[in-house]
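Residue numbers begin at 1 in each chain, while the letters A, B, ... track the order of the sequences.
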Amino acid sequence: MRKNFSNTVIGRSKTPQPLPDWPERYRRLAAQSRLELLRRFYAHGIVAGDTPLNAVPFVAMDFETTGMHPQIHGIVSIGVVPFSLQRIRCAEARHWLVKPRRPLIDRSVLFHHITHSELECAPDLSDILPDLLAVLAGRVVVVHYRGIERPFLDRSLRTRFDEGISFPVVDTMALEARFHRTRLQRMLRHLIGRRQASIRLASTRTRYGLPQYGAHHALTDALATAELFQAQVAHRFSPDTPIRALWC
Amino acid sequence: MDVEHIEIREHLRRHPPFAHLPIERLNTIATAVEIAYFRAGSDILVSNADIHDLHYIRSGTVDIYRRNGALYNRLGEGEIFGQLSLMTGKKVRFPARAVEDSLLYFIPETLFHELFAEDEHFADFVELEDRIRLRKAGVLQSSNNDLKTTRVGKLIKRVPSTVAATDSVQTAAVIMLEKGVGAILVTVNGQADGIHPPIEHHDILGVVTETDLCQKVIAQRLDLHTPVQAVMSDQVVTIDEDQYLFEALLLMLKHHISYLPALRRLRLIGVIDMADIISYESQSSLFVVRNILTQEHLEGLRQLSPDVRASFCRMVNEDANARMVGSAVAMIGRTFKQRLLELGEQRLGAPPVPYCFLALGSMARDEQLMLTDQDNALVLSDDFDPQQHDEYFQALATFVCDGLAELGYSYCKGGVMATNAQWRQPLAVWKQYFTRWINQPKPEALLNSSIFFDLDGVYGDTAMAVELQQLIAQQASQAPHFLGCLAFNAQSRTPPLGFFNQFVVETSGSQRDSLNIKRRGSAPMVDVIRVHALASASLAQNSFLRLDDISAAGFLTAGMTADLRDALEFITMAHIRHQAARLESGQEADNYINPEMLTRFDRRNLKAAFQVLANAQKFLKYRYRPQ
C-alpha cells in the first residue's frame, strides 16, 4: 500500500492507551475464540514483552488494498516475509492474490498493476487464511503504517466469520516518526518554515542507505519493511531492547 | 518466482560471477538468499568464526582486513566475499566490517558449492579472485633480506614539501600535484621547497594526504580555502634515517599509512613512501647486475647463479609481467657477457681492431627466461685481417663462450656462436650475409638463420649492430619473397591443440603428459610477430615493441595486435611461473608444462592463447606468399 497520505493520519494520541499484555491476551483468546483456526493461531502464543529484539521471531507483512478504509475497501494482495534481527529469509516468503468482495476501482488497479482478470481467478481470503495464519503464528508482525494490515485483516475476518483478529504489530513508520516527528520538532520546523522529513517508506529507506525497490507490490514492500526495521534497530535501538518498547 | 525474488535476481544478474548464469540458476539463488542489514562500523565477519554463506553486497561498502588488522581490500555493491573461507576451512580468514550502512545477501554454502562444482565460469571467477588475493598477501609476507639490511636514509631522495597550517587545502593540493606526492607535511611556516632553515620534528604539526582531501574536503564539500589545519591529521608518525626499511614498513602497516617523515637527529630530512620501498625492492635484479660487474674471476661470477635464480623468482612473486621479467633476465645475461669480455680483454690484451659482440635470439629481444642457449656472434671492423687478427678474436670468443657455458648458458647446438668462424666476420661480410638471406631466400636455409633477425650489440662498437638492424629493416620490407618464405617457416611449429581443442601432450618419454611451451608456444608466436615486424620495417627487436610498430604501420588491426600481445603475455607468464615454481622447489628450470597441473582458469586461457597463435599462423598464409 502506498503510504503517502498526510501526517495527520499518524495520530499520536495525547493520552497513550495502556498497552495490552499480549501473551495474556493470546491465552485468553485461545480459550474464547469460536473459530478453530483462530484458536490454533492464538494457541501458538507470542513472546513475552521483555523478550530482547534479537530473540523475537518477526514477520514483515504488506497488503495491497482497493482503498484506505477497511469498511468500504478490500484486500487484493498479501505479502509476508519471516525474519529475525539476524536474517531475512526470502525462501520462506509468501505472496497471495485474493479476490476482494468490494468492487475494484480503476484507479487502484493502476497502483498495483493487478488487473481485474487476475483477481477474477484469485481465491477468497478465507481460502488462503490457514496458510497466512500459519506464517503469522508465534511471530510479531512488522508493518509500515499500522492503519492498514491489522484493521483490514480484522475487518475481513469479521465480515466472513463474525469474529475479528488481534495481534501485536511493530510500525516502522511510527518508529521513524518518533525521531523526526516529536511535537517540539514539529513546532520548531513549522516556525522556521522547514519541510517535514518524509517518513514514507522509500524516503525513509534512503536515509538508512537501503536500495530503492520497485514499489507497490505487497511482497517487495514487505521485504523493504523488514530491511528497514533491521536498519532502524541497528541505528536507533539495540538488540537487547525489549519488544515491549516497540509493539502496539 | 515472486517479485521480490525478481528484484534480487536482477541485481545479481548485473554483477559477475552471476551475470552469465542461466536464468533458472539465478532463480534458485534468488529464492534461497537471506538478507541482513549492517550499520556502518559494525563487524560482519570476525576472525575464526564459523561461516556458512557467500556474502554479496547489495548496497554499501565493506572493508576486508588481514588478521593483523591491516586493511586489505575495500568492496562495494555487487562484490562478494567469504568465498575463500568457504572453500577452505569454513572459518573466517579475512574479517569484514561495514564502512557504510550495508545491505548484504547471504548465499547458502550448499548452493555456493553446487555453483562451484557445476559452473566453470563461476569457479574460475572465485578462484581467480582468491589467487590475486593470495598473491597480494604473499608480497609483504615473504621475508626479504634487503628490507632487513637497508636503512631508511638510503631511500630519501626528495626534499620534502611542506605547507603552513593556515594555507588553503587547495594550495596543498596544487603542491602535491606538482611534486607528484600523495601526502604533504604541515608546519608552522610552510616552505614549498627545501629544508632551510631546518625543520625540527616538533615543527611538524600534521600531515595531509590525498585521502584526507578526498574524504574531508571533497566529500564534505568544504570550501577550497579551508585552512589545511582543519583537515590534517595531527598524529604524525616519524622514523629515523638509521632504522631499517622493514621497520618503516611495519610502522606503515600498523598505522594504516603509506608515508613516513624521516628524521636525522630529530630534524626532517625527507619523506619515505611505501611506493619507494616497493620500487626499491623490485629493483633487486639490479643488485645482481651490480655484483656481476664487480667480479674479478669466472669463479666469482659462477657463485652469483643462486642470486640470478632468486631474483627471477622474486620478480615472479612480485607479479612482474612478462616484459619486466624478460628484460631483467636478458640484462643479467648481457652483463655476464660484458663482464666476460672485459675479463677476456684483460687476459688477452686490447683488441687489434674494433669489434661488436652480438646477442642473438631471446637475449636480443629482451625476452630471456631461465635455461637458454647462448646464441652470439662477433662483428669485426672492416679493417679486420684474418691472418693477423683472427687468432685474437678466436681466443676471445672461446673465453667468452666457455665462460657462458660455465655460467649455465649451454653451447648453441646449431653452432651459432662467435667461436664459429662463419659467425666471426667483418661488418661487410655480415651485410652480404643479410643481403643474400633477404634477396635469395631458401626456406630451409632461412630456418637456420631466422635467429639472426633478432640481434643486438651488447659490447664494443655497438654502432655496427645498429647498422645491421637498419639494413635488415630497409631490405626486408621490400622483399616479398623473403617475407613469404619467413611466413612459411613461421607456420611450421603449430600450437599443441588437438582437433577437439584439447591439449596435445607428449605420450611417452620423460616429458610424458607435458607440452613444450617454448617450442610450441612462445617461439612460434615470436616467429609470427617477427614476420609482420620485418614487413613493417620495424627496428624493434622486442616482440611487444614490434607489435606497437606493426599496429602503428597498420599491418594488423589494433584488435589483432592486442590479441597477440595478450596471448604472448599469457604464454610467457605460464612459462615463467612454471620455471619459478621448479626453481623454488629445488629443481632445474625447464620448458615442459603439464596442463593437468594448471588451474582451470590458466588451462582455459592457455587454450585461448594457443588458438590466437593458430589463427595468426593461418593469417600469415594469406598475407605473405613466397613468390
**Request:** Evaluate whether atom CD of B:Gln235 has more than 12 neighbouring non-hydrogen atoms of other residues, nucleotides or ligands under 6.0 angstrom away.
**Result:** no
**Heavy-atom pair with the smallest gap, counting every atom of A:Ala91 and B:Ala32** = CB-CA, 4.4 Å
**Asked** Short question: side chain of B:Glu34, backbone of A:Arg87 - any donor-acceptor pair under 3.5 Å?
**Response** no
**Message:** With a 4.5 Å cut-off on side-chain heavy atoms, are B:Tyr37 and A:Phe229 touching?
**Reply:** no
**Item:** Residue part contacting chain A, namely of B:Tyr105, when any heavy atom lies under 4.5 Å
**Value:** side chain
**Message:** As an exercise: rank B:Leu104, B:Asp101, B:Leu103, B:Ile35 by heavy-atom pairs under 4.5 Å with chain A and give me the winner.
**Reply:** B:Ile35
**Asked** Is the number of heavy atoms from other residues, nucleotides or ligands under 6.0 Å of B:His20 NE2 greater than 12?
**Response** yes
**Shortest non-hydrogen contact from A:Gly209 toward B:Ser59** = O-OG, 3.4 Å
**Item:** Minimum side-chain heavy-atom gap B:Phe106-A:Arg89 below 4.5 Å
**Value:** no
**Prompt:** Between B:Ile8 and A:Cys90, which heavy-atom pair has the shortest distance, and what is it?
**Reply:** CD1-SG, 3.7 Å
**Request:** Find the one option among B:Ala36, B:Ser42, B:Gly60 whose heavy-atom pairs under 4.5 Å with chain A are most numerous.
**Result:** B:Ala36
**Complete:** On a heavy-atom basis, the closest approach of B:Arg58 and A:Gln212 is NH2-O, 4.2 Å
